[in-house]
Amino acid sequence: MARFYITTPIYYVNDAPHVGHAYSTVNADALARWHRLIGDDTKFLTGTDEHGQKVADAAAHNSMSPREWTDVTSQRFREAWAALDIRYDDFIRTTEPRHYETVQKFLTAVHDNGYIYKDTYQGLYCVSCEDYYTLESSDEGRCPIHGRVLTEMREENWFFRLSAFEDRLLALYETHPQFVTPETKRNEALAFIKGGLRDISITRTSISWGVPVPWDPDHVFYVWYDALINYLTAVGYGREDDETSTWWPHSHHLIGKEILRFHCVWWPAMCMAAGLEPVSHVQVHGWLLVGGQKLSKTMAAEGGVKLTDIAPVMLTDEFGVDAVRYYLLRETSLGNDGDFSHEGITARYNTDLANNLGNLVARVTTIVASKCDGRGPAPEVDSELRDAAQTAIIDTALAWNRFAPSFALEATWGLIGATNAYLERRAPWKMSPGEELDAVMGNALEAIRLVAILASPAMPAVSANIWWRIGLEGTPSDEEFAQSATWGRYRGAGLIEKGQPLFPRIKAVVE
RNA sequence: GGGGCCGUAGCUCAGUGGUUAGAGCAGGGGACUCAUAAUCCCUGGGUCGUGGGUUCGAUCCCCACCGGCCCUACCA
């Protein structure tokens, strides 16, 4: 049996969950649902990143311990994912004991292998940012954000010998051309490696809210170094319940483009240093832009679109869970930036969901209910709709398999369009009850059944609803794709009734 | 400052070293009336950011520029 292990980034708890987080998570969830559908043994991991000075400060500001604070903030993500029908198999928190154990095991291995050494970190520090800059990344010794002169600081740190992995990373990219997708992002990572790698400081003494360094308890690991390892924590690396060999390295990290360097350069090097094969695939996606602008705290501070204006729950309240999922998956191709707008989601909702899909189900169920005694007739073996169905099945499957949800949904919607056109040609509403009418309606119902299956990774609830409406038992994902997604299997057992519209049209709001 | 990405029809986006560059939506015309004033058919049309270069031929390769953006060691 094939296995599929997919992860999202773990989200920094200081942020409130917003549509950007939802974008990553919905994509990962849909991909996981697709692989479950085709029968893969699937594991879907998400979670929260809870260490670092910012978190400790926020906790103090709210008069809580870091643990109490992260209990609250981590929970917000679980709630957001519940609202979006995210079905993760594991939710990891970096403050969990299992994570401490894996991180310490992993980094001890790196240490034992000679890739960690102690040195003095000299950095330029910005008091406003509370962070270090390199001379190159500064604006001629000034903070690029605040413009103030950076002060030179020194700290005893443990360093990771990243520079030792340049050749091995290049070899990895050479022998695994699919390590990073899409290709433009792969090239970006490759260019960075070719530009030369420097060793990196991976511990801090000035911070206490982190994973202690086992061989030097005055230090904690810097937040990124423990964060990346979460992907291994979840498979039990270095612990009694170790399932690493089951899920690793044939796994997939879905990440946003801004953390490409961590995942495509440091992380494989860290794995190599620990004596572990790197993850096999990193799928990079772009950003959602609001009116062409990045979603950011800065923008909110400047009075632009606020993140809280587009919290996931506000969208699901307005459009429904599956419509939001559909929009996030359909609107932009994974890997490129996309535009997020209220107009955009409204347009997708009305055209793709209400007019095409919802209306198709409504018109078919109406005719069947009134002219076929409410029982779904069987489809024809050689219907002219069959070719369109086959095409949609193949193209949809190929697209999901190559991490391209937008193309998958486009292919699925091709069958919806073909079915609407088919009904126009045959005009069953002009037919009298009988064999001809039954055949047409059976074919249409079969197409709808297939659409429900094909759309189920993106819209699990609506797909199940359609399944029920056309008189079928269970849900579209009960049976493996290879068996269920073949033309001619429709056999409605239950009565077919029209019911309420799946997607009531949304009137344009004049602003 | 350094590295990188993007710039394609009104809008949102696909796409390719080679005959007339695509889809959806919006717009225009027609058909139909089962359906959520939905659907179906036809249709408009864009110097593929600008200027060079390589090539028999470039929107796609190279260089420069303009514009937008990302990374530069905490932001999907």
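Letters A, B, ... are given to chains in the order of the sequence lines, protein chains preceding strands, and every chain is numbered from 1.
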If the threshold is 4.0 Å, N to carboxylate O, is there a salt bridge linking [X] and [Y]?
| X | Y | answer |
| --- | --- | --- |
| A:Arg375 | A:Asp438 | no |
| A:Glu446 | A:Arg449 | yes |
| A:Glu497 | A:Arg469 | no |
| A:Glu188 | A:Lys257 | no |
| A:Glu436 | A:Arg426 | yes |

Answer yes or no: is there a donor N or O on one side and an acceptor on the other, between the side chain of [X] and the main chain of [Y], under 3.5 Å?
| X | Y | answer |
| --- | --- | --- |
| A:Tyr115 | A:Ala164 | no |
| A:Arg363 | A:Leu423 | no |
| A:Trp81 | A:Arg87 | no |
| A:Arg330 | A:Arg325 | no |

With [atom1] as the reference atom in both, quote the distance from [N] to [M] in angstrom, rounded to an integer.
| N | M | atom1 | answer |
| --- | --- | --- | --- |
| B:G45 | B:A21 | P | 14 Å |
| B:G17 | B:C11 | C1' | 30 Å |
| B:G27 | B:U19 | P | 33 Å |
| B:U36 | B:C48 | C1' | 38 Å |
| B:A64 | B:G2 | P | 12 Å |

Atom pair distance, as rounded to whole Å: [atom1] in [X] and [atom2] in [N]:
| X | N | atom1 | atom2 | value |
| --- | --- | --- | --- | --- |
| A:Glu183 | B:C5 | CD | P | 12 Å |
| A:Ile259 | B:A73 | CD1 | P | 16 Å |
| A:Lys54 | B:C75 | NZ | P | 11 Å |
| A:Asp352 | B:A38 | CG | P | 14 Å |
| A:Asn157 | B:A73 | CG | P | 15 Å |
| A:Glu188 | B:C69 | CD | P | 16 Å |
| A:Ile506 | B:A37 | CD1 | P | 14 Å |

Inset, instruction - Output yes when at least one side-chain N/O atom of A:Trp267 is less than 4.0 Å from OP1 or OP2 of B:A73, else no. - result: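 Checking B:A73 against A:Trp267, no side-chain N or O comes under 4.0 Å of OP1 or OP2.
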
Legend entry - Centroid-centroid under 6.0 Å between A:Phe340 and A:Tyr327 rings: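 Yes: the rings meet the under 6.0 Å criterion.
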
Inset, instruction - Compute the centroid of each ring, for A:Phe179 and then for A:His281, and state whether the two points are separated by less than 6.0 Å. - result: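 Not close enough - the centres of the two rings lie 6.0 Å or further apart.
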
Inset, instruction - For RNA chain B, find the residues of residues 431-439 of chain A with a heavy-atom distance under 4.0 Å and give them by number; none if there aren't any. - result: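 RNA chain B contact set from residues 431-439 of chain A: none.
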
Inset, instruction - Classify every nucleotide of nucleotides 10-15 of chain B by which part a protein heavy atom approaches to under 4.0 Å, writing B for the base, S for the sugar-phosphate alone and - for neither, in 5'-to-3' order. - result: --SSS-

Inset, instruction - Treat primed atoms plus P, OP1 and OP2 as sugar-phosphate and everything else as base, then score nucleotides 30-36 of chain B 5' to 3': B for base contact with protein heavy atoms under 4.0 Å, S for sugar-phosphate contact only, - for none. - result: --SSBBB

Inset, instruction - Just call it for A:Asn356: base, sugar-phosphate, or nothing, with non-hydrogen atoms closer than 4.0 Å on any strand. - result: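 Sugar-phosphate contact only - A:Asn356 comes under 4.0 Å of backbone atoms but never of a base.
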
Inset, instruction - Scan A:Trp224 against the nucleic acid and name what it touches under 4.0 Å (heavy atoms): base, sugar-phosphate only, or nothing. - result: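 It contacts sugar-phosphate atoms only.
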
Legend entry - Nucleotide of B:C41, B:G4, B:C75 approaching A:Ala191 most closely (side-chain heavy atoms):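 Within the option list, the nearest is B:G4.
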
Inset, instruction - Go through A:Tyr225 and A:Trp266 one step at a time and tell me if the ring-ring contact (aromatic ring centres under 6.0 Å, His included) criterion holds. - result: CA-CA 9 Å; A:Tyr225 299 91; A:Trp266 301 355; 5.5 Å; yes

